[in-house]
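Since the structure is predicted, the reported quantities are computational estimates derived from the model, not experimental observations.
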Amino acid sequence: MENRNNITVFILLGLSQNKNIEILCFVLVLFCYLAIWVGNLLIMISIMCSQLIEQPMYFFLNYLSLSDLCYTSTVTPKLMTDLLTERKTISYSHCMTQLFILHFLGGVEIFILTGMAYDRYVAICKPLHYTIIMSRQRCNAIITACCTGAFIHSASQFLLTIFLPFCGPNELDHYFCDVYPLLKLACTDTRKIGLLVIVNSGLIALLTFVILMVSYFLILYTIMAYPAESRTKALSTCSSHITVVVLFFVPVLFIYIRPATTFPEDKVFALFYTIIAPMFNPLIYTLRNMEMKNALRKVWCHHLFLEGRELILKAFQNFTLGFHPEP
């Protein structure tokens with residue numbers, strides 16, 4: 001424990017050492033972060049202000065958008081600040097906190113995607129029992145299970161890291177605190193801990209990815225017998241889900257399924273699941289989903305209509321008062 005306290009601050013090497021590249025990265029990350037907030041807030045407000053919240057798929061999508069916002073906000077604001085500063089540092093306690101929250105929210109996202117795949121499987125393969133199986137009580141239980149599973153995963157990662165002794169170099173070759181870069185700095189043999197990280201992160205991600213792909217394969221096999229119109233709608237929904245799953249899981253598997261080593265490419269792959277995937281999720285779910293498009297149009301056009309009507313009424317009142325001044 002004494003050795004561990006020798007390091008109180010970590011230096012983050014960030015995305016690049018070139019100042020011009022860092023400024024370019026700042027502009028791009030800022031654009032992505034704004035797009036993440038706008039896109040996911042639009043989805044959340046549109047779902048909660050419409051009848052879509054009653055449907056399990058959009059119930060889960062609402063929570064997925066919320067987890068996306070929280071997940072990327074754990075990393076992105078700090079990254080943008082560091083891109084504009086010469087010395088990028090993070091305290092030991094903040095590093096451990098970021099590690100725990102990041103893996104917790106990442107776990108929530110992985111398990112929600114699994115819940116959404118289960119919902120689509122029941123809807124397409126067992127349509128007659130769908131309303132009974134996917135009741136609101138069952139949906140709430142799935143969300144609770146997602147949070148519980150994510151907490152267990154994150155707590156395991158946290159406990160594997162918190163007791164590591166850090167007594168030498170304190171430069172993390174990353175833009176946020178993660179397990180493998182921390183294992184590289186620990187002044188002890190980390191081979192056993194590295195294997196536990198693979199089991200806790202890599203194998204869980206791989207198993208979840210395989211389950212998701214098998215479930216979507218069963219769904220695609222089932223809809224082959226559907227009429228053309230129903231098949232097109234089901235394919236559109238499932239293709240959106242599969243795109244999100246691949247975009248998130250492939251970079252995660254690249255980083256966590258291998259032994260405890262780090263590569264310069266890790267930072268690029270990490271950008272996919274911390275920033276790029278949360279930015280594209282709203283586009284993927286809205287552009288290929290007619291119900292979501294209709295909800296967006298209905299909620300926001302209605303809102304703009306009400307605002308416009310209020311402005312016209314107010315202008316008319318001011319205009320009439322101009323002809324009838326008070327005595």
Side-chain angles (χ1 to χ4, degrees), residues 40 43-68 71 104-153 203-249 281-282 284-286 288-296 298:
N40 284 287
I43 284 184
M44 291 169 63
I45 295 170
S46 300
I47 290 174
M48 289 188 291
C49 295
S50 68
Q51 296 298 319
L52 291 181
I53 192 64
E54 302 297 328
Q55 299 182 36
M57 186 179 82
Y58 297 101
F59 174 82
F60 291 129
L61 180 57
N62 186 48
Y63 277 99
L64 181 68
S65 293
L66 178 61
S67 68
D68 273 340
Y71 183 65
F104 171 72
L105 294 171
V108 168
E109 185 151 350
I110 285 174
F111 294 134
I112 287 178
L113 288 171
T114 308
M116 293 176 76
Y118 176 70
D119 168 69
R120 289 300 85 202
Y121 170 78
V122 175
I124 293 172
C125 299
K126 299 182 179 181
L128 297 178
H129 304 283
Y130 179 70
T131 54
I132 298 172
I133 295 174
M134 297 305 297
S135 63
R136 182 46 56 95
Q137 185 179 0
R138 176 66 62 85
C139 292
N140 287 328
I142 289 173
I143 292 296
T144 303
C146 290
C147 294
T148 304
F151 179 82
I152 293 171
H153 159 72
L203 289 183
I204 288 177
L206 179 62
L207 182 63
T208 307
F209 182 68
V210 170
I211 291 172
L212 289 170
M213 289 297 102
V214 170
S215 68
Y216 284 120
F217 174 79
L218 292 174
I219 290 171
L220 294 174
Y221 178 78
T222 302
I223 63 177
M224 294 305 292
Y226 279 29
E229 186 178 347
S230 300
R231 187 166 61 241
T232 302
K233 183 179 178 182
L235 279 171
S236 178
T237 303
C238 289
S239 62
S240 300
H241 289 212
I242 292 170
T243 304
V244 170
V245 167
V246 171
L247 194 62
F248 185 84
F249 273 89
N281 283 358
I284 293 168
Y285 281 114
T286 53
R288 305 201 62 176
N289 190 314
M290 190 57 66
E291 286 182 321
M292 197 67 235
K293 285 181 186 177
N294 292 336
L296 284 166
K298 184 178 179 181

Would you give me the side-chain donor-acceptor pairs under 3.5 Å for residues 205-220, sequence neighbours excluded?
residue: Thr208; atom: OG1; partner: Ile204; partner atom: O; Å: 2.7
residue: Ser215; atom: OG; partner: Ile211; partner atom: O; Å: 3.4
residue: Ser215; atom: OG; partner: Leu212; partner atom: O; Å: 2.7
residue: Tyr216; atom: OH; partner: His241; partner atom: ND1; Å: 3.0

Without placing hydrogens or testing angles, list every side-chain donor-acceptor pair under 3.5 Å for residues 109-116, not counting sequence neighbours.
residue: Thr114; atom: OG1; partner: Ile110; partner atom: O; Å: 3.0

Sequence neighbours excluded and cut-off under 3.5 Å, please list the side-chain donor-acceptor pairs for residues 135-150, or say none.
residue: Ser135; atom: OG; partner: Arg138; partner atom: N; Å: 3.3
residue: Arg136; atom: NH2; partner: Ile53; partner atom: O; Å: 2.6
residue: Asn140; atom: ND2; partner: Arg136; partner atom: O; Å: 3.2
residue: Thr144; atom: OG1; partner: Asn140; partner atom: O; Å: 2.9
residue: Thr148; atom: OG1; partner: Thr144; partner atom: O; Å: 2.8

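Atom CD1 in Ile43 sits 8.0 Å away from atom CG in Asn281 (nearest 0.5 Å). Atom CG in Asp119 sits 9.5 Å away from atom CD in Gln55 (nearest 0.5 Å).
The side-chain contact (heavy atoms from CB on, under 4.5 Å) search around Thr222 returns Ile124, Cys125, Tyr226, not counting sequence neighbours. Applying the side chain to side chain donor-acceptor pair (under 3.5 Å) test to Ser65 and every residue at least two apart in sequence or in another chain returns Asn40. Take Tyr63 and apply the ring-ring contact (aromatic ring centres under 6.0 Å, His included) test, not counting sequence neighbours, and it matches Phe59.
Phe248 places none of its side-chain heavy atoms less than 4.5 Å from the side chain of Asp68.
Sequence neighbours left out, the pairs with a member in residues 130-153 that pass ring-ring contact (aromatic ring centres under 6.0 Å, His included) are Phe100-Phe151, His103-His153.
Of all heavy-atom pairs spanning Ile47 and Asn62, the tightest one is CD1-N, 4.0 Å.
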